[in-house]
Amino acid sequence: MKKILLLFLLAVSLNAADSTLRLFIWSEYIDPAVVADFEKANHCKVTIDLYEDAESMMAKVQAGGGGTFDVVVPPDHMVVPMTKLNLLAPLRKEALPNLKNIDAKFLKPPFDSENKYTVPYQWGTVGIYVRKQKGKTIEPTWGLIFDPKLQPGPFMLIDSMRDTIGAALKYRGYSFNSIKPAELKEARDLALAAKKRAIGFEGSVGNKNKVVSKAARAAIVYSGEAARGMSEDAETVYLIPKEGSQIWLDSLAILAHAPHQELAEKFLNFCLDEKIAARISNFTQFSTPNEKARPFIQPELAKNPAIYPPPEVMAKLEFLTDLGSNLRLYDEVWTQIKAR
Amino acid sequence: MKARPLLTIPTAILFLFLYLPLAAVVLFSFNASRYSTAWTGFSTAWYLALLKDDAALSAVKNSLVLATSSSLISTILGTMLGYGMAQTNSRKIANLLHIPICLPDIVQAVSMLLFFSLIHRWLGVFELGMSTMIAGHVTFQIPFVALVVRARCATLDRSWDEAARDLGATPAQAFWHVTLPMLRPGIVAGAMLAFTLSLDDFIVSFFTGGAGSTTLPVLIYSSVKRGLSPEINALSTLLILASAAATILVTIIQKSPTIPLDDEKNPAAVPSRGFA
Amino acid sequence: MKRIRFKSASLPVAWLAIFFALPLAGMLTVSFLSRGSYGEITLPWTIENYRRVAGFGLLGFDPLYPAILARSVGIAGATAFLCVLFALPIAFFIASLPGRWKTIGLVVLVIPFWTNLLVRTYAWQILLGPHGWISDLFAALGLIEAGGSLYPSSVAVMICLVCDYLPFAALPIYASVERINWELPEAARDLGAGAWQTFRHGIFPQIRAGMLAAGALVFLPATGQFVIPDLLGGAKTALLGNLLQQQFGASRDWPFGAAIATVSMVIVLAGLSLQARFTRKET
C-alpha cells in the first residue's frame, strides 16, 4: 500500500518538473521538429493538445476560464468573442520583435486592428478536395456538393458550423456571413438535402483522409489539408468554387490567465521568425502571412495555386466576420442540420 | 436442466456476434497495411510504432495515474458506504444508488463540467484537468464499490465480530482486525471494478479533462474521428488483453465474474458499466 | 451503536452529495438561465430553453427536438427489447451447464463487456465499412453492392448498441433463470400443457422481474448514448446524447443543454420508479 502511494507521488512530482508550455492547436498544424527546437532552445517542455474544429476549441477554453492552456490558435471569427469574454491576454509588443516580418496585408486584421491580442499564424481557404475523373475536368463549383446532378460520388461535409452553412449560402449567391433568416433557411434546406446524400460530417483532416483512402470521392476541406493530400496522392485536386469561398486567417494568442505568459510570448516570437515560419508552412502546407518567410517556402508549394491562389480567385474570397448575438441563429440552423 | 441444441445454436451465434469486433481489432493490429480493409501480411510494426508515439505513451500514463488515484479514493469511500449500508439494511439507499448507475453518463459528465467551471470561476479552484477528472471518476465509482462490498457484508458471519467485542476489543479494533480481513475479497473486487471503470471511461474524461490530460479512450476517440492510425489497433488490442485479464482475475477472487447489484430479493447482477 | 455505523457512511454520502447531487441541482438551475451573445451564462431567468426543447425555436415551430427525444427513447427501447430477447437463450444455456462450466460460460459472456466501449464501437466501423467482413457478407448475399459500406447508418448504430449491451441484459436474466423452481413447469408438463403454455405459465412469471430489470438496465443508459451514434451514425442518427454533446461543445449553449439533460434525467427517474413499483408488486 505504501509502495503504491510512493509511486503515485513520484509520478505526480515528475509531472511538475520542468517549466511547461501548454499549446492548444489544430491537429497536424505545427511541425513537431519546430516544437522540439523550441523546447531545446528554452529548456522547457511543450505539451500539445489538439482540436478538430473552432467551436470545440472555444468551448474548451471557455469552460476552463482562460487558464487551462498558454497558447491557442483561434480562427479569425473567434477572436472578437474571446476578447469580449476576456479570455485573451494583451500582448507586449516589446516581446515580439519578429512581428515586423508579417506581410502588411495581414497585419492589423479587422478583428484585431492593433494586433493587441493576436499575431497572424497561417492563412488559407475553404474548398472542395476531389479525386480526378479520367478525361474530364471537374468544374469548380459548390454544386458538386449541393446539386445532386453534379455529385461526383460519395462525399463528405465538413463538421464546422460556419464553413458548411457558409458554403450553402455562397452557392445561392448570398454572403458567407449572411444573417437574414430567409437566406439561412435556404442554406439549411440545401445542407439537409446534401446531408442525405453525403456519407457524413468530419473535420478537415478526417475528410482529407477519407478522400485519400478512397472512402469518398469529394470532401470540403481547408487548403492546407488538400495540399498535403495532393502530395500523397497525385490523382486528387483542390478546387476553389467559382461562386466564391472563404479566406481565413488563424492567429496565435495567449490566454488571459496563462500560467506561463513569458514563455508563451517567447513562443509567439519564435514562430514569427522567418525561417521558423517557413518551416511551419512547409510542413502544414498552408499559406504563410510572413513576408520575409516567402523566399524559404518550398518552390512546389509557392507555385501551387491551391496554397497561393491567383489574384482573380483571391478577389472572390470573403473573411468571416463575428456575428455577435446573431450567432444564436447559426447555432439553431446548425443544430437542425446536424440533428434532423 | 440439460442443454438442448435449440439453445446451443443461437447461443453460439450470439457469442460469435459478441466477439467479432474484438477479433477484428486484434487481427488488424497485426496487419501490414495501414487500412483495415484488406489483409496484406503479418506485421508487428504498429506495436513498435506505439513505443515511439509520445501522444500514446502520455495517454497511457494519464490513464494509469487517473485509474490508480481514483480507485484508491473510491475503494475507501465505497467500502465505508457499503459497510454502512449493510448495517442499516435500508432498501431506500440501495434504490437511490441505482440513480447514478442508470443515469446516462453524459448527463453526469456535463453536470460535472458545469459544476467545475462555475466553481473555478467563483473560487479559482478545480481547474479542468487531472484533479477534476479524478473527482469525476471517484463519483461514478463509489456506488459500484459500495454495492460490491455490501453484497460481501451480507455473507459475513456476525458472530466473529461479537466474539471479538466480548473479548474486550473496541468496535474500531473489531472492525479493523476481524471484519475488514473477512471483507477483503469484496474490497479487492470492488477496487478492480473501480480501476476498470476508470480505465474504460470516455465521457467523463472527455468533458472534464484539460491540458495534457488526454486519456487512452479520449486518444482513441480523436484518432478515430480523424481517420484511424493503425497504431490504435495495436493499442486497443493491448486494452482488450488487459480487460480480459482483469475479468479472469476478479473471477478467481470472487468465484464469479458478476457483481450483484442488489440483495437476493431483487437480483440484478451487473458486470461493470462499460458504456461511454 | 447505530450512531457509529452511520458515521461510516457519512463521508461517502457527503462526497456524493457534493459531486453528484449538487452538480445535478446546478444543472437544473442553469436550465432556467439564458445564453449570452458569446456563450456565457447570464440572467434573465427564463423557461425558453424548455420551450425550445418542446419545439418552439427561433425559426418558428419545429418538432426537431421532441422528435430526437422520441427517436432516442424509441431506439433505446428497441435495443432493450432485442437485448432481452437475445439474452434468453444465452441465460438458459449457461444455466444448463454443469457446475464449473457455468462460471466459465459467464466469464466468456462478460469479457467483451469489460473491454472498452470505444474499441468495440470503432471495431464495428471496420466490420461495417467498405470491404469489411460484414459488408462483404451482405454484398455476397446481394443485399448491397460490392465494396459498399453498411455504415454510417441507423442500422449500424442498432447493431453496435445491441452488441454492446447484450451481456448487460444477459446477467440479470441469468440470475433469475438460475433460481427457477423447476417443479412448476414440470407439473404443468405432467398435466399435459404444450411447450408454449409451459413456458408462458410455468417459466415466464418466474423470470419476469429479471427481464424487467435487464430491460431497465439497458434502456435507461441507452437513452443517453453518444459515442455509438457519433461514430457509426455519421451525424445522421442524432440522438439525445449527440444533442447534449453539441450544446456543451460547439454550440456553447449550456442553458439549453442543461434543459435537455434535465428532461433526460426526468425520463430516467420515471423509468426507475416505474420499475421499482412493478418489482415491488411482484415480491
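Chain letters run A, B, ... following the sequence lines, proteins first and then strands; every chain starts at 1.
Nearest approach of Leu217(C) to Cys102(B), heavy atoms of both residues: CD2-SG, 4.1 Å. Closest of all the heavy-atom pairs between Gly105(C) and Phe15(B) is O-CZ, 4.3 Å. Heavy-atom minimum distance, Gly224(C) versus Ile106(B): O-CG2, 3.5 Å. Taking all atoms of both residues into account, the shortest heavy-atom contact from Leu11(C) to Met80(B) is CB-CE, 3.8 Å. Here the closest non-hydrogen pair linking Ala135(B) and Trp15(C) is O-CZ2, 3.8 Å. Closest non-hydrogen pair, Met27(C) versus Ser111(B), comes out as SD-CB, 3.8 Å.
Using bins of under 30°, 30° to 60° and over 60° for the plane-to-plane angle, the ring pair Phe207(B)/Phe226(C) lands in the tilted bin.
Contact count against chain C (heavy-atom pairs under 4.5 Å) is highest for Leu14(B) among Leu14(B), Leu235(B), Leu239(B). For chain B, the option among Gly26(C), Ala123(C), Cys163(C) with the highest count of heavy-atom pairs below 4.5 Å is Cys163(C). Ranking Thr79(B), Val25(B), Leu114(B) against chain C, the residue ahead of the rest is Leu114(B), based on heavy-atom pairs under 4.5 Å.
Contact annotation for Ile159(C): both backbone and side-chain heavy atoms come within less than 4.5 Å of a heavy atom of chain B. The contact between Ile134(C) and chain B is made entirely by side chain atoms (from C-beta outward), counting heavy-atom distances below 4.5 Å. For chain C, the nearby parts of Leu20(B) are the backbone and the side chain; heavy atoms of each come within less than 4.5 Å. Within the 4.5 angstrom heavy-atom criterion, only side-chain atoms of Leu166(C), from C-beta onward, approach chain B. Only the side chain of Ile142(B) comes within contact range of chain C, with at least one heavy atom under 4.5 Å from a heavy atom of that chain. Leu96(B) does not touch chain C: none of its heavy atoms, backbone or side chain, sits under 4.5 Å away. Heavy atoms of Tyr19(B) lying under 4.5 Å from chain C belong exclusively to its side chain. Only the side chain of Leu269(C) comes within contact range of chain B, judged by heavy atoms closer than 4.5 Å. The contact between Pro10(B) and chain C is made entirely by side chain atoms (from C-beta outward), counting heavy-atom distances below 4.5 Å. Neither the backbone nor the side chain of Thr237(B) comes within contact range of chain C, judged by heavy atoms closer than 4.5 Å.
Summarising the geometry, atom OG1 belonging to Thr11(B) is positioned 6.0 Å from atom CD1 belonging to Ile90(C); distances are rounded to the nearest 0.5 Å. Going from atom CG of Leu113(B) over to atom CZ of Phe248(C) covers 7.0 Å, rounded to the nearest 0.5 Å. For the atom pair Asp200(B) CG and Thr115(C) OG1, the distance stands at 7.5 Å (nearest 0.5 Å).
Taking the six-membered ring for Trp and the full ring otherwise, Phe17(B) and Trp124(C) have centroids separated by under 6.0 Å.
Taking the side chain as every heavy atom from C-beta outward, Phe20(C) and Ile99(B) approach each other to under 4.5 Å. Within the 4.5 Å cutoff, the side chain of Val107(B) has heavy atoms near those of the Leu24(C) side chain. For the pair Asn233(B) and Ile126(C), the minimum side-chain heavy-atom distance is below 4.5 Å.
Judged purely by distance below 3.5 Å, without hydrogens or angles, the side chains of Ser223(B) and Tyr122(C) never pair a donor atom with an acceptor atom.
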Leu18(B) vs Phe113(C), side chain to side chain contact (heavy atoms under 4.5 Å, CB included): CA-CA, chis, key distance, verdict
CA-CA 9 Å; Leu18(B) 284 176; Phe113(C) 193 74; over 6 Å; no
